[in-house]
Amino acid sequence: MPIEAVTSMNGFELAGRRVWVAGHRGMVGAALRRRLHGENCELLTVDRSEVDLRRQDQTERWVNATKPDVVIVAAAKVGGILANEAYPAEFLYQNLMIEANVIEASRQAGVSKLLFLGSSCIYPKLAPQPIDEASLLTGPLEPTNEPYAIAKIAGIKLAQSYRKQYGCDYISAMPTNLYGPEDNFDLQSSHVMPALLRKAHEAKERGHKQMTIWGTGTPRREFLHVDDCADGLVHVLKHYSGPEHVNIGSGEDVTIRELTEAVCEVVGFEGDIVNDTSKPDGTPRKLMSGSRLRAMGWAPKIGLKDGIAQTYRWFLAHRA
Ligand code: GFB
């Protein structure tokens, strides 16, 4: 079905609805809470200590008792390239359980709209760039994050299948590499942006002459500030209904070396950048095509340099 045929121009109204953000304490969940503030909806959240989304009985009991109108599945086990390599079983198992439990519980409770969040790593390692949504399942995945990608592809297929078999208005969005406030700054498990901010900051603070980055620095990545992502997700929720997933990106990518130089400039670290090539590069490039979302009238607002500076200010204020 052509995308125009399933895109509602009038929009799906969030005002007055009960919206559950699953994963509200994560970086994306926190940004969604900030963004949904202006929508006049009732925000529902539940802590992990009360409901473990990996447990079907706990999830179904809570969703059936709470009866949200709208669900955003931002809950996930996430991490950077080394965490994905080191804990493949956790990334596959936990993400499969969370998405299956939340989606099935939502169907049982009669949720009218659900948005599932994936990741740009769902696409083949060598997909033509910029990566169109139609590239899904056209080639082998990047080995460092294959288990996570397979879990996220399963989530897309769940949303599509629930739409096809049960008529549920369940949709999926694929954000690119995200960064911003509330990110994970742990050097072993984090993504590249928070790692570089912390490394550059600590190198400057300690008067080091160099900082080390993983891999060759040549891979290209597309970065999107998490507040732009939350805005794009709300836009998709309000204006899209269809079986195909929607990419959410900035439309621009940089090499890891260029990103490191931008981070060092913001932080004020002037030493050398050294490559640790014993660490993996991962996929050479994953720039997504944003044409589907642009056609729905959405564009990002936060440039990379401003976004890095804002995230560095957040890091300085919260690093304790
Ligand atoms: O952000 P990142 O961990 O994940 O790494 P991916 C991106 C690139 O930055 C890789 C390099 O080429 C890394 O080798 N890099 C350089 C670093 N220095 C560092 C550092 O200090 N820390 C980290 N983490 N990277 C993840 C996937 O892939 O992206 C997930 O594993 C998910 O499944 C996520 O899709 C968005 O972009 O390579």
Side-chain angles (χ1 to χ4, degrees), residues 26-28 74 76-92 94-96 117-127 129 131 136 141-156 173-180 183-203 210-226 229 245 247-250 253-264 267 269 273-288 304 308 311 315:
M27 177 173 67
V28 178
K77 163 90 179 161
V78 299
I81 192 164
L82 275 202
N84 269 267
E85 265 201 327
Y87 308 108
E90 290 179 29
F91 276 81
L92 181 54
Q94 295 191 25
N95 286 304
L96 285 174
L117 269 61
S119 157
S120 59
C121 69
I122 59 160
Y123 292 113
K125 178 183 174 107
L126 300 177
Q129 313 278 321
I131 312 173
L136 183 64
L141 297 164
E142 155 62 29
T144 54
N145 58 33
E146 190 187 80
Y148 178 72
I150 284 179
K152 289 297 182 184
I153 294 169
I156 297 173
M174 299 302 118
T176 189
N177 286 45
L178 303 174
Y179 70 96
D183 209 342
N184 166 23
F185 286 82
D186 173 77
L187 290 180
Q188 285 310 304
S189 60
S190 72
H191 289 101
V192 62
M193 180 76 87
L196 295 180
L197 279 166
R198 180 170 169 181
K199 283 180 182 179
H201 174 78
E202 291 181 354
Q210 58 184 47
M211 69 176 265
T212 304
I213 64 170
W214 296 352
T216 59
T218 57
R220 301 185 72 88
R221 293 289 183 274
E222 177 188 13
F223 293 94
L224 183 70
H225 190 281
V226 73
C229 177
H245 59 281
N247 290 341
I248 301 190
S250 62
D253 65 355
V254 291
T255 66
I256 295 302
R257 175 80 193 196
E258 288 163 349
L259 177 72
T260 309
E261 287 166 0
V263 166
C264 288
V267 171
F269 173 68
I273 298 162
V274 176
N275 295 93
D276 174 1
T277 51
S278 71
K279 299 286 197 303
D281 269 345
T283 198
R285 192 177 186 197
K286 47 178 171 180
L287 174 66
M288 297 195 302
L304 185 59
I308 295 173
T311 307
F315 169 76

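Atoms within each ligand, like the ligands themselves, are counted from 1 in listed order.
- Looking at Val192 against ligand 1, both its backbone and its side chain come within 4.0 Å, counting heavy atoms.
- Side-chain contact, Thr212 with Asn275: no donor N or O sits under 3.5 Å from an acceptor N or O.
- Look at Met193 and you'll find every heavy atom at least 4.0 Å from all atoms of ligand 1.
- Nearest heavy-atom pair across Pro175 and Ala173 is CD-O, 3.3 Å.
- Among all protein heavy atoms, the one lying closest to atom 31 (O) of ligand 1 is Asn84 ND2, 3.1 Å.
- Residue contacts with ligand 1 include Arg221, since one or more of its heavy atoms lies under 4.0 Å from the ligand.
- Protein heavy atom closest to atom 35 (O) of ligand 1, with residue, atom name and distance, is Ser119 OG, 2.9 Å.
- The shortest N or O to N or O distance between Gly282 and ligand 1 is not below 3.5 Å.
- In terms of protein heavy atoms, atom 34 (C) of ligand 1 is closest to His191 NE2, 3.2 Å.
- Between Pro147 and Leu92, the closest heavy-atom pair is O-CD1, 3.3 Å.
- When all heavy atoms of Asn95 and Lys77 are compared, the closest pair comes out as OD1-N, 2.9 Å.
- Nearest heavy atoms, Pro280 versus Leu82: CD-CD2, 3.7 Å.
- Close contacts between ligand 1 and Cys121 involve ligand atoms 33 (O), 35 (O) [criterion: under 4.0 Å to a heavy atom].
- Checked against the 6.0 Å centroid criterion, the rings of His201 and Phe269 do not qualify as a close aromatic pair.
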### Message
Could you go through Asp253 and Arg221, starting from their C-alpha distance and side-chain angles, then the distance that decides it, and tell me whether this counts as salt bridge (Lys or Arg N to Asp or Glu O under 4.0 Å)?
### Response
CA-CA 5 Å; Asp253 65 355; Arg221 293 289 183 274; over 6 Å; no
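- When each atom of ligand 1 is checked for a heavy atom of Asp281 under 4.0 Å away, the hits are 10 (C), 12 (O).
- Minimum interatomic distance between Cys121 and Tyr148 (heavy atoms only, all atoms of both residues): SG-CD2, 3.4 Å.
- At the top of the distance list for atom 21 (O) of ligand 1, counting protein heavy atoms only, stands Lys199 NZ, 2.6 Å.
- At a heavy-atom distance under 4.0 Å, only backbone atoms of Ser190 (N, CA, C or O) approach ligand 1.
- Taking the side chain to side chain contact (heavy atoms under 4.5 Å, CB included) definition, one finds that Thr176 meets it with Ser120, Glu222, Leu224, Met288, sequence neighbours left out.
- Proximity to Ala195 (heavy-atom distance under 4.0 Å) selects the following atoms of ligand 1: 20 (C), 21 (O), 22 (N).
- Annotation: Pro280 places an N or O atom under 3.5 Å from an N or O atom of ligand 1; distance criterion only.
- With hydrogens left out, the protein atom closest to atom 33 (O) of ligand 1 is Tyr148 CD2, 3.1 Å, a heavy atom.
- Under a 4.0 Å heavy-atom criterion, Glu142 is not in contact with ligand 1.
- Checked against a 3.5 angstrom limit, the closest N/O atoms of Ile81 and ligand 1 fall inside it.
- Atom 8 (C) of ligand 1 has its closest protein heavy atom at Ile256 CD1, 3.6 Å.
- Annotation: Tyr179 is in aromatic contact with His225 [ring centroid separation under 6.0 Å].
- At a heavy-atom distance under 4.0 Å, atoms from both the backbone and the side chain of Trp214 approach ligand 1.
- Only the side chain of Lys286 comes within 4.0 Å of ligand 1, counting heavy atoms alone; its backbone N, CA, C and O stay farther away.
- Looking from atom 27 (C) of ligand 1 to the surrounding protein, the closest heavy atom is Asn145 ND2, 3.2 Å.
- Considering all non-hydrogen atoms of both residues, Gly282 and Lys125 come closest at O-NZ, 4.1 Å.
- Counted within 6.0 Å of CZ on Phe315, heavy atoms from surrounding residues, nucleotides or ligands total more than 12; the atom is thus considered enclosed.
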